[in-house]
Amino acid sequence: MTWSLFWSNLANAVSLGSLYSLVAIGYTMVYGILRLVNFAHADLLMVAAYAAFYGVLVFRLPFAISVLLAIVLTAGVGVLIERRAYRPLRDSPRITAMISAIGVSFLLENLGLVLFTGRPKSFPVPGFLGASTDIAGIRVTNITFVIVFVTAILLLLLLYVIHKTKTGIAMRALARDFDTARLMGVDVDSVISLTFAIGSALAAVGGIMWALKFPQINPLMGMMPGLKCFIAAVFGGIGNVVGAVIGGFLLGVAEIMLVAFLPSVSGYRDAFAFIILIATLLFRPTGLLGEKIGEKV
Amino acid sequence: MSLLDIRHMTMKFGGLVAVDDFSLELNPGELVGLIGPNGAGKTTVFNCITGVYKPTSGQVVFNGRDITGMRPDLITRLGIARTFQNIRLFGSMTVLENVMVPLHWRLRSTFLEAACNTLRYPAEEREMRKKAMALLESVGLAPFADYLASSLPYGSQRRLEIARALSAQPEVLLLDEPAAGMNPRETQDLMEFIRKVRKDFHLTVLLIEHQMRVVMGICERIVVLDHGATIAHGSPEKISRDPKVIEAYLGVERHA
């Protein structure tokens, strides 16, 4: 492999890793607080992509505005899902909420199939993002840079929010010990709503950038990326935000490099992610950065 | 008027009566001890007051307001804070952050102001940090503000739990076996500390303890629970001579 090919693969890998990270954060934040795998999270990618699609092509809004609206809408959907599908089950066994999550996921996917039909739509990519730039002889599409840049900004902002703001302090307290946090005056419901809003907004950004990178959208587009981001979250240590980011990047890089260096096994690209999941669960169930989490009492 | 009035509170778990017809009035500024052997229902009383459990029957009235079965965070915000028998600090957070948890909701800025660190938030945040530091100062934990709570030695963790409860700015402080696991010397220091804190913060304190000796010197009144029922109530002198109390603790009366 030539160096230029390697570099362009690496750029590709880092941008894919960024997307995985953004979406993995939503899984890990919700799991950290509720001990719930929010399967519906994956479908928020689709919701965001379609919202942006309709904003631009049907409502004729400027691209930036419809992206912004799509993010807000997706955050709202995330909050609504928690309120209607998970909150009433908060005191039920965890498996009940998980089944509810799977139900919501199916609901969103099938609602998408009904509303948008199963036929893929081509996502409107603004000219600038679709163009490529030459850097030292390597051609990289602009969206690749944008993805990495936007992800970096959002991650820094998120870390700031979690570690330096009052909301972040309440979130971490809640993730650490639900009951004690409540007894210290933390309003559980509003913090959880906010957690879902943040996670869903990040998923929305991820979904829209996904659609810009692979400009074919369909109602099931969230499934595979969603599963992989969940794997990334487990791999990094579920419940740990930094772990999710690292897991996302490693998974993205590993996947692209696998295909680049071993083209003969490129068909197993998706299977590879699941092998990582199984290996993590077998050999390091807490993930790279996860701490041992006991059953909550 | 009493500050906290618990009226005929009963808590059943299935067939088990954990607390049976418990009544207690706390007057402003009092320090009352709640003692009893292990499993007597002391912590259940705390859980019912603070909203962790909704009592099966009976009422909890705070400042003239019925708070029975209210959400725990709202009860805390009204002015009842507590500590835990088994230390329940937010271990992966710093000492300072632990104390900031009960302060966070008092800030008026919105999430967006906080996320962008603009408008009201920077000033409010500084104020919150200052308050939290002052509190750590007053309990002698200021030098450890940036340590992880879990890295503190045991005795300091107990103090931090009290400091965290104090930062909720309560009128009533519920202490659940604060001296558990301490040697007599440490226990003595802790009781001094509680006495001081109560005076400095103008608190009304309800203190759970299962060693009777510990509370004798510090409480004005003592309530004794056994198997969920109140078996004695009165001054420390009266309690220490009460045959039912001695029986509950020792099984039989040893001293003639």
Side-chain angles (χ1 to χ4, degrees), chain A residues 32-33 72 75 79 87 90-91 153-198 201-202 237 239-243 289-294 296-297, chain B residues 46-47 49-53 71-84 86-94 96-117 121-122 124-125 128-129 132 149-150 161 164-165 167-170 174 176:
Chain A
I33 290 181
V72 172
V79 171
R87 189 175 298 180
R90 205 175 287 160
D91 296 323
I153 303 261
L154 289 178
L155 291 184
L156 289 177
L157 184 65
L158 180 72
L159 288 178
Y160 168 77
V161 164
I162 292 179
H163 288 280
K164 292 287 169 214
T165 68
K166 56 168 188 166
T167 315
I169 288 171
M171 268 179 195
R172 280 185 294 146
L174 200 59
R176 179 77 195 183
D177 186 337
F178 209 90
D179 290 326
T180 306
R182 282 202 303 177
L183 286 165
M184 294 304 143
V186 174
D187 179 350
V188 172
D189 287 341
S190 68
V191 173
I192 289 177
S193 287
L194 203 59
T195 307
F196 271 82
I198 293 173
L202 293 177
N240 184 314
V241 171
V242 177
L289 298 187
E291 45 184 317
K292 219 178 170 72
I293 301 167
K296 285 199 166 178
V297 260
Chain B
F46 272 22
N47 282 336
I49 297 173
T50 53
V52 176
Y53 300 146
R71 258 169 42 199
D73 52 312
L74 297 180
I75 292 178
T76 304
R77 290 176 184 201
L78 284 176
I80 301 180
R82 69 175 286 182
T83 65
F84 303 90
N86 45 340
I87 297 177
R88 282 165 70 170
L89 291 168
F90 304 117
S92 52
M93 295 165 67
T94 66
L96 184 67
E97 285 171 344
N98 265 275
V99 178
M100 274 159 50
V101 171
L103 288 169
H104 82 279
W105 61 269
R106 289 179 191 270
L107 273 51
R108 301 167 59 86
S109 26
T110 61
F111 169 69
L112 281 181
E113 285 172 67
C116 305
N117 199 21
Y121 190 69
E124 283 195 341
E125 215 245 34
M128 171 167 75
R129 274 177 197 277
S150 56
E161 267 225 328
R164 183 179 64 176
S167 81
Q169 302 174 25
L174 308 178
D176 195 347

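Labels below follow one simple rule: chain letters A, B, ... track the order of the sequence lines, proteins then strands, and each chain is numbered from 1.
- Contact of B:Ala115 with chain A is made through backbone and side chain together, with heavy-atom distances under 4.5 Å.
- For B:Arg106, no part lies under 4.5 angstrom from a heavy atom of chain A.
- Atoms CZ and CG, from B:Phe46 and B:Leu174 in turn, are 4.5 Å apart once rounded to the nearest 0.5 Å.
- With a threshold of 4.5 angstrom between heavy atoms, B:Asn117 approaches chain A through its backbone and through its side chain.
- Only the side chain of B:Val52 comes within contact range of chain A, judged by heavy atoms closer than 4.5 Å.
- For a residue to count as touching a neighbouring chain, one of its non-hydrogen atoms must lie under 4.5 Å from one of that chain's; by this rule B:Ala168 does not touch chain A.
- Sequence neighbours left out, the pairs with a member in residues 159-173 of chain A that pass salt bridge (charged side-chain N to carboxylate O under 4.0 Å, His left out) are A:Arg172-B:Glu97.
- Ranked by heavy-atom pairs shorter than 4.5 Å toward chain B, the options A:Ile169, A:Val161, A:Val188 are led by A:Ile169.
- Annotation: maximal heavy-atom pairing with chain A below 4.5 Å, among B:Glu124, B:Arg71, B:Glu125, B:Arg164, occurs at B:Arg164.
- Residue A:Leu158 does not touch chain B at all, counting heavy-atom pairs closer than 4.5 Å.
- Using modelled atom types, no side-chain atom of B:Ser150 and backbone atom of B:Ser92 make a donor-acceptor pair closer than 3.5 Å.
- Proximity to chain B is limited to the side chain of A:Leu157, based on heavy atoms less than 4.5 angstrom apart.
- With a threshold of 4.5 angstrom between heavy atoms, B:Arg82 approaches chain A through its backbone and through its side chain.
- Closest approach of A:Thr165 to B:Tyr121, counting heavy atoms only: CA-OH, 3.0 Å.
- In this structure, the separation between CZ on A:Phe196 and CZ on A:Arg87 is 9.5 Å, given to the nearest 0.5 Å.
- Between the side chain of B:Ser167 and the backbone N or O of B:Leu103 there is no donor-acceptor pair closer than 3.5 Å.
- Using a 4.5 Å cut-off between heavy atoms, A:Ile162 does not touch chain B at all.
- Interatomic distance, CG of A:Asp187 versus CG of A:Leu174, reported as 9.5 Å (0.5 Å rounding).
- Using modelled atom types, one side-chain atom of B:Thr76 and one backbone atom of A:Leu183 make a donor-acceptor pair closer than 3.5 Å.
- The parts of A:Thr180 that come within reach of chain B are both its backbone and its side chain, each placing non-hydrogen atoms under 4.5 angstrom from that chain.
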